Chemist: 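Handing you a structure now.
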Amino acid sequence: MRITPLEYVTADNLSQAVELLDSAGPQAAVLAGGTDLVLNLKKKRACPCILVSLQAIDGIDRICLENGMIRIGAMATHDRLARHPLLREKADILCQAAGLIGSWQIRNAGTIGGNICNASPAGDALPPLLALDAAFVTAGTVGETVISARNFFTGPGQTRLPSGHLLKEIRFPCPPANAAGCYMKLRRRKAVDISIAGVAFQAALNEEGTQVASAGIALGGVAPTPVRVPGAEDLITGRSPKEALENARAIGAACVAAASPIDDLRASADYKRTIVNVFAQRCARHVLTTLKEKGKPQ
Amino acid sequence: MGNPAPPYDVVGKSVPQLAAREKAAGLTRFVTDLSLPRMLHGRVLRSPHPHARILHIDTRKAKALPGVKAVATWEDTPKIKFGPRSEDWTIFASDKARFHGDEVAAVAAVDPDTAEEALDLIRVDYEVCPHVVSPLAAIAPGAPLVHEESPGNVAAEFNISAGNIDQGFDRAFAVYEDSYYTSQVYQAYMEPMSVIAETDLSGRLTLYTGTQIPNMMRMTYAKALGIPPEDIRIVVPEYGGAFGGKMENNIHLVAAVLAKKAGLPVKLTYTRHEDFLAGNPRVPMHIDIRLGATREGILTAKDVRVVGGAGARLVYSQVIVSTACYRVDSLYRFKNVRARGITAYTNTVPTACYRGFGNSQSTFVLESAMDELALRLNMDPAELRIKNGMGAGETSVHGWKIGSSGLKECVEKATDAIGWKEKRKVKQPLKGIGLACCNHVSGNRPFAREFDGGSAMVRVGKDGRVMVFHGESDMGQGQNTTFAQIAAETLGVPLSRVHVAQVDTDVSPFGLGSFATRGTLMGGNGVMAAAKKALAQLAETAGNILCVPPERITCRRDMFYDVDAPDKQLSFGVVASQATIARHGAPVVGTGFYKPPTELPDPETKQGNISPAYPFGCQIAEVDIDPDTGQVTVTRMAAAHDVGRAINPMSVEGQIQGGIAQGLGWTLMEDMHYGQGRLLNADFVDYIVPSAFDMPKIDAILVEPEEPNGPYGAKGIGEPALNPTMAAITNAIHNATGVRITTLPVNPAQLLARMKAAGSPGPELARNQNDRQDTH
């Protein structure tokens with residue numbers, strides 16, 4: 001229960017934080033919301049020598065739309081994401097997912113950056129970010145790198161975050177007005193539960209409103225990392241919402257094929273596959289029906 | 001609502017609990033908030049193995065750690081075998097650890113972190129032994145023995161029969177038979193177990209702890225520590241819930257051993273993880289039932305076999321198994337019953353009391369079976385219950401005398417409130433409605449053999465302040481408020497005058513405690529008797545002042561007056577002051593007790609009358625089933641409970657809501673999972689209890705027949721509030737899907753598979769389901 005004594009630094013700005021991380025190397029840990037880290041410190045699953053807090057850095061929790069890109073500062077809390085008017089309008093799928101994370105207390109403290117860097121296979125924000133074609137901007141002493149969400153995760157708790165780098169920002173192309181998204185997760189009760197299996201489904205029509213121009217479908221909790229399902233996306237793009245809807249069962253099957261769940265205490269692998277199938281179809285019906293409405297001539 | 005209330009001023013009124021303001025403001029000092037000067041902090045080293053021989057314990061490094069004041073193992077204890085109802089406990093594992101979490105050693109240090117650190121420095125050499133977790137596996141031939149001296153792992157057996165079971169089944173037109181299992185579930189009280197122990201220079205031990213049975217616990221601990229009971233004082237501060245779970249537990253004795261060794265007060269508070277590992281959860285049970293009825297729906301026979309898992313030592317599981325064998329027999333007019341109960345040792349945490357005490361397990365089974373019979377008889381399940389339900393003035397198959405019974409009225413009111421007939425008639429796909437009844441006790445004659453009643457002291461000070469002393473236990477359920485209402489009504493004063501003292505075995509009466517839904521009736525009658533005694537003394541003073549014989553004096557709304565000349569008045573405050581002056585400072589103290597008209601069951605026939613009153617209830621659940629995921633949502637419940645007169649209706653409704661929450665959790669979520677003999681979900685991440693969003697709208701309906709033996713006509717509600725919930729929900733699931741749930745909790749994957757096998761509506765209907773989940 002006692003946290004092993006360590007050096008604690010509150011960074012004033014991003015470059016100071018990055019320099020501290022660079023000089024401390026793997027001995028350093030980054031404190032964002034702390035909802036996972038503090039528990040890990042107490043249970044000695046993490047024993048860093050230096051803890052760099054990002055909590056005093058101005059501006060890295062900004063959420064804005066610039067040049068067609070939605071930009072979310074890594075320190076934005078789940079609760080802000082869930083309620084943010086811009087996101088509610090443009091990328092509601094992320095609001096849905098953020099709003100289902102943990103409890104009020106966790107959502108007030110936990111950050112999207114933490115959720116990403118913690119890289120839990122069950123992380124709620126991750127499948128929507130994959131579905132939205134998000135990219136992660138990381139900052140190091142010699143500059144920034146941009147890594148796409150679909151390439152970022154390599155295993156449970158494992159990412160391609162370059163050593164000495166910080167996750168600074170999440171950005172993704174702002175979905176057009178005729179887009180829709182849906183996130184569904186299997187949980188054992190209606191609030192405060194870990195996602196056992198999650199499906200994120202985002203799609204947009206072309207300008208004419210006749211065909212699905214783009215689709216992003218991603219799964220959480222059913223593989224070592226969140227996974228995109230291009231096989232399911234291909235069943236939708238280039239088709240009218242009505243045609244795509246007819247593929248609902250095939251979409252479910254493609255998602256099941258992309259999942260590699262394990263048996264655990266929370267559910268059997270079989271049941272997780274069943275859920276992926278059901279939720280993929282439900283998401284498809286919800287999103288494509290919404291698109292059908294949006295595509296109708298006004 | 002029941003009979004029109006007599007003109008009471010305080011009883012029957014909904015009032016917030018006395019402690020509500022402090023609790024809401026965060027000012028209440030729970031056990032975990034308490035601190036004594038120079039107090040040390042204890043931590044317990046627990047067995048990581050479900051079953052292992054302890055070869056050697058090396059505590060040298062732990063003792064050498066700066067800040068550590070005491071390290072204790074079995075060697076530091078009096079080495080006495082003891083137990084509340086057995087002799088299979090030791091303070092710390094002696095030769096063997098028998099469950100994952102068994103106490104092996106403990107440390108007291110200047111702060112919790114140092115104590116924790118010291119635990120890591122204790123080396124224990126184990127030789128791992130084969131283990132057994134399932135109660136059925138435990139009694140199978142060749143199973144590893146939990147205690148060598150108990151062959152076959154049979155810790156206790158119980159047999160009961162009445163009437164002629166074979167003739168009963170011969171007369172049956174319909175017979176239902178099946179095997180059920182109910183899971184091991186955790187009480188999930190808000191405050192984990194906690195205690196401060198200190199020993200004075202004479203060796204006298206004081207425990208500050210949240211306990212349901214301060215006086216009885218003292219007896220058990222006296223034996224364990226090899227000291228007389230009078231050398232143990234137990235003080236019960238406010239504490240955060242118990243639901244049956246806070247009775248005897250090694251936590252108190254470990255703290256006592258540490259405190260004695262260190263010569264300083266020691267606080268020991270379980271982490272939530274430890275509370276899962278070493279608390280005392282519900283007894284898991286396998287129950288086989290055979291139930292028969294005539295063509296007309298008259299029950300003819302019931303045959304039951306119960307196998308309960310005790311865990312590694314007996315707390316109260318054997319009494320709980322025997323309760324599961326027969327308590328439910330007094331719900332209906334049974335004539336021929338038989339039950340055999342086996343309590344099996346297993347390598348799990350010792351199991352014990354949890355709201356319902358075995359009756360919840362058997363109510364789930366019986367009430368499932370009743371629906372199956374109704375199906376076979378083509379009869380409305382509500383009608384089958386009413387037809388067989390025990391009524392006022394009847395005597396049950398085991399000799400229980402039912403003074404008042406609102407069972408029929410409970411069924412009628414619950415069915416009316418929820419629109420039962422209409423909803424059973426017009427069946428909607430994937431929606432179901434189910435009903436279950438229950439009976440219970442308000443006290444349990446054989447539980448503590450010496451007596452079963454209640455008592456209190458009521459002290460009226462010179463300042464007119466009324467203090468009620470009782471030896472029961474308010475664990476948050478509102479008992480103190482109920483007692484204060486009874487005292488206020490009896491004395492004729494406003495509730496604001498009355499206060500309730502913290503239970504302290506040095507001061508309080510010898511109450512048996514809070515269990516068996518006995519607090520309101522037994523404790524309440526004790527308070528009423530004591531208040532009457534105090535009132536009589538005050539009436540004498542008032543009579544002297546008013547020059548009226550005391551028999552003509554009464555008090556109402558804070559004024560003493562002559563019943564024959566009501567304008568001859570004196571305020572309660574003046575009388576209290578004058579009474580104390582007349583006695584040269586001695587306060588007015590009324591001491592009273594209640595001796596219930598119960599009969600200890602005959603050891604052979606088990607005939608007797610174990611409680612002065614029997615509450616009844618009927619709950620109805622409505623469910624929605626997700627046809628693609630198998631997930632169950634309880635959308636509404638109606639819960640009608642015969643509580644006699646509700647002393648505090650708001651509090652009774654709270655009990656009903658809470659009982660349903662726990663019953664719903666058990667039905668749909670809760671199970672302690674073991675893997676390799678280890679408890680896998682010893683935390684709230686994976687031990688799921690319902691959230692507010694999982695709770696349906698509940699119509700709590702109070703049915704209030706005047707109970708002749710109850711204080712102001714009241715009986716208990718604590719346990720009945722939970723008992724019918726499980727079967728109400730699973731009967732609703734059956735109504736929706738045709739699937740009979742025989743294992744708690746419901747597993748959505750299995751329900752889905754069984755729905756598909758039974759040809760229930762498939763995924764096609766999914767289109768109508770809500771696509772979006774709620775974002776909170």
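Residue numbering restarts at 1 for every chain, and letters A, B, ... go by the order of the sequence lines. What you are looking at is a predicted structure, and each value in this text was computed from that prediction instead of being measured.
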Chemist: Can you name the residues of residues 658-678 of chain B that have some heavy atom under 4.5 Å away from a heavy atom in chain A?
Modeler: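 Answer by number: B/Met669, B/His673.
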Chemist: If you take all heavy atoms of B/Pro284 and B/Tyr181, which pair is closest and at what distance?
Modeler: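 The pair with the smallest heavy-atom distance is CB-OH, 3.5 Å.
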Chemist: Tell me, which pairs form a salt bridge (charged side-chain N to carboxylate O under 4.0 Å, His left out) where one or both residues lie in residues 682-697 of chain B, sequence neighbours left out?
Modeler: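 Listed once each, the pairs are A/Arg188-B/Asp686, A/Arg266-B/Asp686, B/Lys697-B/Asp699.
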Chemist: Between the side chains of B/Gln750 and B/Arg754, is a donor N or O closer than 3.5 angstrom to an acceptor N or O?
Modeler: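 No - no donor-acceptor pair under 3.5 Å links their side chains.
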Chemist: Report, as yes or no, whether the 6.0 Å neighbourhood of atom CZ on A/Arg83 holds more than 12 heavy atoms from other residues, nucleotides or ligands.
Modeler: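 No.
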Chemist: Decide whether B/Thr32 and B/Glu191 meet the rule of one side-chain donor and one side-chain acceptor closer than 3.5 Å.
Modeler: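 Note: B/Thr32 and B/Glu191 side chains meet the donor-acceptor criterion.
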Chemist: A/Tyr183 and A/Asp92: side-chain donor and acceptor closer than 3.5 Å?
Modeler: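 Distance-only check fails for A/Tyr183 and A/Asp92.
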Chemist: Under a 4.0 Å threshold between the charged nitrogen and the carboxylate oxygen, would B/Asp626 count as salt-bridged to A/Arg282?
Modeler: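 Between B/Asp626 and A/Arg282 there is a salt bridge, with a charged N closer than 4.0 Å to a carboxylate O.
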Chemist: Under 4.5 Å from any heavy atom of chain B, what part of A/Asp270 do you find: side chain, backbone, both or neither?
Modeler: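 It is neither, since no heavy atom gets under 4.5 Å.
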Chemist: Can you list every salt bridge (charged side-chain N to carboxylate O under 4.0 Å, His left out) pair that touches residues 255-264 of chain A, not counting sequence neighbours?
Modeler: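 Sorted result for residues 255-264 of chain A: A/Asp264-A/Lys272.
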Chemist: Under a 4.5 Å cutoff for heavy-atom pairs, which residue among B/Asn747, B/Thr633, B/Leu752 has the most contacts with chain A?
Modeler: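 Among the listed options, the one with the most contacts to chain A is B/Thr633.
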Chemist: How about residues 103-111 of chain B versus chain A: which residues have heavy atoms under 4.5 Å apart?
Modeler: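 Hits under 4.5 Å: B/Asp111.
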Chemist: Which word best sums up how the rings of B/Tyr186 and B/Phe684 line up, parallel for under 30°, tilted for 30 to 60°, or perpendicular for over 60°?
Modeler: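 Ring orientation of B/Tyr186 relative to B/Phe684: tilted.
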Chemist: Checking side-chain polar atoms at under 3.5 Å, does A/Glu243 have a donor or acceptor matched by the opposite partner on A/Asn247?
Modeler: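 Looking only at side-chain atoms, A/Asn247 and A/Glu243 do not form any donor-acceptor pair under 3.5 Å.
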